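The model shown is predicted, which means the values in this text are computed figures rather than measured ones. Count residues from 1 along the sequence.
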Amino acid sequence: MNGRPSPVEVWLTKRNIAVTCMVVREDESTEELDVDSLSMRGAQREITGRLAGMGYSPSGRWTASDRGSMEARRAFRLTRAAAEDVGGSP
């Protein structure tokens, strides 16, 4: 992700066997992240681990819905230490 300090919401969508990941920032800008996992649970772990490695911490749990395709979402925010590293605030 491009380093702008901001809370984000992550949306995972599974259609057939592919899982896609969309990151939405506070300003409504979006970014897609590649997902290697083929299962929703694996994708949730993969993305949570990736964001944790970038200084984000989860705000709550993954919430899921099933409307023709499987979807899950979760909010993340920068940890205080990570926000200070990039000159922002958590």
Practice problem: Tell me, please, which residues at least two apart from Q44 pass side-chain contact (heavy atoms from CB on, under 4.5 Å). | Solution: L12, W62, A72
Practice problem: Carefully, step by step, assess V10 and C21 under the rule side chain to side chain contact (heavy atoms under 4.5 Å, CB included). | Solution: CA-CA 7 Å; V10 175; C21 177; 3.6 Å; yes
Exercise. Mind running side chain to side chain contact (heavy atoms under 4.5 Å, CB included) on V8 and Y56 for me, showing each step along the way?
Key: CA-CA 9 Å; V8 296; Y56 283 87; 4.0 Å; yes
Quiz item: Hey, is the main chain of S37 close enough, under 3.5 Å, to the side chain of E46 for a donor-acceptor pair?
Solution: yes
Quiz item: Where is the tightest heavy-atom contact between V19 and L38, given as atom of each residue plus distance?
Solution: CG2-O, 3.8 Å
Exercise. Answer yes or no: is there an ion pair linking E9 with R73, defined by an N-O contact shorter than 4.0 Å?
Key: yes
Exercise. For the pair L33 and V23, evaluate side chain to side chain contact (heavy atoms under 4.5 Å, CB included) and give the outcome as yes or no after the intermediate values.
Key: CA-CA 7 Å; L33 297 180; V23 177; 3.6 Å; yes
Practice problem: Find the distance between CG (L78) and OG (S6) and round it off to the nearest 0.5 Å. | Solution: 8.0 Å
Quiz item: N16 side chain to A18 main-chain N or O, any donor-acceptor pair under 3.5 Å?
Solution: no
Quiz item: So T48 and F76, side chain to side chain contact (heavy atoms under 4.5 Å, CB included) or not? Walk me through it.
Solution: CA-CA 9 Å; T48 298; F76 292 83; 3.8 Å; yes
Exercise. Find out if a path of hydrophobic residues (ILVMFWY) with successive side-chain heavy-atom gaps under 4.5 Å connects M54 to V35.
Key: yes
Quiz prompt | With sequence neighbours excluded, residues passing side-chain hydrogen bond (donor to acceptor under 3.5 Å, both in side chains) with S59 | solution = R77
Exercise. Output the distance between atom CE (M40) and atom CD (E71), rounded to the nearest 0.5 Å.
Key: 8.0 Å
Quiz item: Strictly by modelled atom types, are T30 and R25 linked by a side-chain donor-acceptor pair under 3.5 Å?
Solution: no
